Amino acid sequence: QAKLLGKNQLQVYQPRHTAVSLESFALEQDLRLAISRHELVLYYQGQYSLELRKLCGFEALLRWPHPDKGMISPAQFIPLAEETQLIVPIGWQVISMACSQLARWQDAGHTIPYVAINISPLQLLQADFVIRLNELVDASGVARHRIELEITETLLLQDPDVALEQLNALHQAGYRLALDDFGTGYSSFNRLKQMPLDRIKIDQCFVKDIGRNSKDEAIILSMIDLSHRLGIEVLAEGVETWEQYHFLLRHGCNDMQGFLLAKPEAKPCLD
Ligand code: C2E
Ligand code: MG
Ligand code: MG
Ligand code: MG
């Protein structure tokens, strides 16, 4: 546990001179303000079993309604949030909002199996992450197994042993774990074998050319086969066409997420 990021982290001063830096500095100030005013919001995108087309859960996706710039997508501000470590307080707001939403759905009589939450490596590697997560989730009245934590392969880049220890602690505490954007990052069979995963998510870059690129299709088939042999379920991301849907169904992929069945929405359809 010693190497987990403690409270007193060293902050490295980085000069910012270019026009791009000035622009991102302005955005950073806006982001700080948005965090303190709790202006970031979550959209929810349904995930469905392929066979039954039945809702199996939601992924929470962050949105920033900027006063002048309109809705800013996470692809634009998550990298900045990670550089500035603002992703840590943002991450806690995300977890808190997702738990409250799930609790509200529960109270209204909807049985939503789980909500999936994207967790940045920086946040997950904080020494007190598991303890704080337990406190927050337990206080919300949501069962831990209804929370799926989405992690990426980059989590294992810096210190794989510490990261694996943290993942095991989360698994033991009862959370579901999903490996996001599978196949696009730092993949190693050795690491895959060691992670206590419930699910892998095939990245949309492999899905988008189903029917046109036989290499993508071959990779998808091996990912499905590999996961199932390891006892891990598979979800395909970015499913937009019925051709993709039928290919995935035919080859035994378990679940899907994509514009074909649902887009991310503030108030998603609950069945
Ligand atoms: P991700 O976790 O891989 O999320 C899936 C992304 O694919 C989402 O983009 C979603 O809107 C988009 N998507 C879903 N279905 C389709 C489809 O059929 N076609 C296409 N073209 N795209 C589809 P989004 O919401 O812009 O999020 C981008 C990334 O930002 C996420 O990728 C995730 O890495 C990150 N992110 C989002 N919310 C959070 C958050 O709360 N915390 C952290 N740390 N990262 C987040
Ligand atoms: Mg995700
Ligand atoms: Mg993904
Ligand atoms: Mg992605």
Side-chain angles (χ1 to χ4, degrees), residues 1-14 24 28-29 31-42 59-62 64 74-75 77-103 114-140 142-181 185-186 191 194-199 201:
Q1 294 276 308
K3 283 195 216 143
L4 291 168
L5 304 179
K7 282 235 162 73
N8 305 306
Q9 296 169 49
L10 200 64
Q11 301 265 351
V12 180
Y13 174 74
Q14 286 166 328
S24 76
E28 181 186 330
Q29 297 319 304
L31 187 55
R32 286 185 191 276
L33 205 60
I35 295 167
S36 69
R37 293 175 173 169
H38 292 263
E39 286 171 353
L40 300 175
V41 295
L42 288 180
E59 178 175 5
L61 293 159
L62 199 55
W64 177 11
F77 69 91
I78 296 282
L80 174 74
E82 289 188 328
E83 264 170 54
T84 53
Q85 307 197 11
L86 288 173
I87 193 66
V88 178
I90 290 174
W92 288 116
Q93 290 191 1
V94 166
I95 294 167
S96 159
M97 288 190 284
C99 289
S100 313
Q101 181 58 266
L102 191 53
Y114 62 85
V115 168
I117 305 174
N118 293 282
I119 306 290
S120 148
L122 198 65
Q123 183 181 19
L124 194 139
L125 293 172
Q126 302 284 310
D128 60 353
F129 180 72
V130 185
I131 290 175
R132 283 189 63 183
L133 182 69
N134 288 343
E135 285 171 2
L136 211 162
V137 172
D138 296 351
S140 76
V142 162
R144 294 179 190 175
H145 69 268
R146 295 200 188 277
I147 299 294
E148 181 168 284
L149 305 172
E150 291 196 8
I151 53 145
T152 57
E153 294 154 354
T154 53
L155 175 71
L156 298 186
L157 258 182
Q158 264 190 324
D159 193 334
D161 293 335
V162 171
L164 284 171
E165 213 177 288
Q166 197 77 321
L167 291 180
N168 284 322
L170 289 166
H171 174 73
Q172 301 254 300
Y175 301 100
R176 295 165 54 97
L177 292 175
L179 184 59
D180 203 358
D181 305 337
Y186 168 81
R191 293 307 176 193
Q194 294 172 305
M195 286 189 274
L197 298 172
D198 295 284
R199 155 188 272 178
K201 298 184 74 178

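Since the structure is predicted, the reported quantities are computational estimates derived from the model, not experimental observations.
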Side-chain heavy-atom pair [X], [Y] within 4.5 angstrom cut-off:
X	Y	answer
V137	Y175	yes
L61	L42	no
H171	L167	no
R176	I147	no
R144	N134	yes

Smallest separation among heavy atoms of [X] and [Y], with atom names:
X	Y	result
P196	L177	O-CD1, 3.5 Å
L156	A163	CD2-CB, 3.5 Å
L124	F129	O-CB, 3.7 Å
L164	M195	CD2-CG, 3.6 Å
A60	N118	O-ND2, 3.4 Å
V88	Q123	O-NE2, 3.8 Å

Requested in this report: Start with the C-alpha distance between Q85 and L122, add both sets of side-chain angles, then the distance that settles side chain to side chain contact (heavy atoms under 4.5 Å, CB included), and finish with yes or no.
Outcome: CA-CA 8 Å; Q85 307 197 11; L122 198 65; 3.8 Å; yes
Query raised in the report: Residues in side-chain hydrogen bond (donor to acceptor under 3.5 Å, both in side chains) with E82, at least two apart?
Result: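 By the side-chain hydrogen bond (donor to acceptor under 3.5 Å, both in side chains) rule, E82 matches S120.
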**Report entry** Listed partners of Q194 passing side-chain hydrogen bond (donor to acceptor under 3.5 Å, both in side chains), at least two apart
**Finding:**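 Once residues adjacent in sequence are excluded, the partners of Q194 under the side-chain hydrogen bond (donor to acceptor under 3.5 Å, both in side chains) criterion are R191.
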Query raised in the report: Between E150 and R199, is there a side-chain N and carboxylate O pair less than 4.0 Å apart?
Result: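 Result for this pair is no, no salt bridge flagged.
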Using 0.5 Å steps for rounding, measure from the [atom1] atom of [X] to the [atom2] atom of [Y].
X	Y	atom1	atom2	value
D181	T152	CG	OG1	6.5 Å
L149	L179	CG	CG	12.5 Å
I78	W64	CD1	CH2	11.0 Å

Report task. Before giving the answer on side chain to side chain contact (heavy atoms under 4.5 Å, CB included), spell out for V162 and Q166 the whole-Å C-alpha distance, their side-chain angles and the decisive distance to 0.1 Å. Result -> CA-CA 6 Å; V162 171; Q166 197 77 321; 5.7 Å; no
Requested in this report: Using a cut-off of 6.0 Å, state whether more than 12 heavy atoms not belonging to L157 lie near its atom CG.
Outcome: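 More than 12 heavy atoms, drawn from other residues, nucleotides or ligands, come within 6.0 Å of this atom.
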Would you give me the side-chain donor-acceptor pairs under 3.5 Å for residues 90-100, sequence neighbours excluded?
from, atom 1, to, atom 2, distance (Å)
Q93, NE2, I35, O, 2.9
S100, OG, S96, O, 2.8

Report task. Starting from the C-alpha separation in whole Å, work towards a yes-or-no answer on side chain to side chain contact (heavy atoms under 4.5 Å, CB included) for Y114 and L102. Result -> CA-CA 8 Å; Y114 62 85; L102 191 53; 5.9 Å; no
Requested in this report: Given salt bridge (charged side-chain N to carboxylate O under 4.0 Å, His left out), test K201 with E148 step by step and report yes or no.
Outcome: CA-CA 12 Å; K201 298 184 74 178; E148 181 168 284; 5.9 Å; no
Report task. Take L125 and L155 through the test side chain to side chain contact (heavy atoms under 4.5 Å, CB included) and record every step on the way to the result. Result -> CA-CA 8 Å; L125 293 172; L155 175 71; 4.1 Å; yes
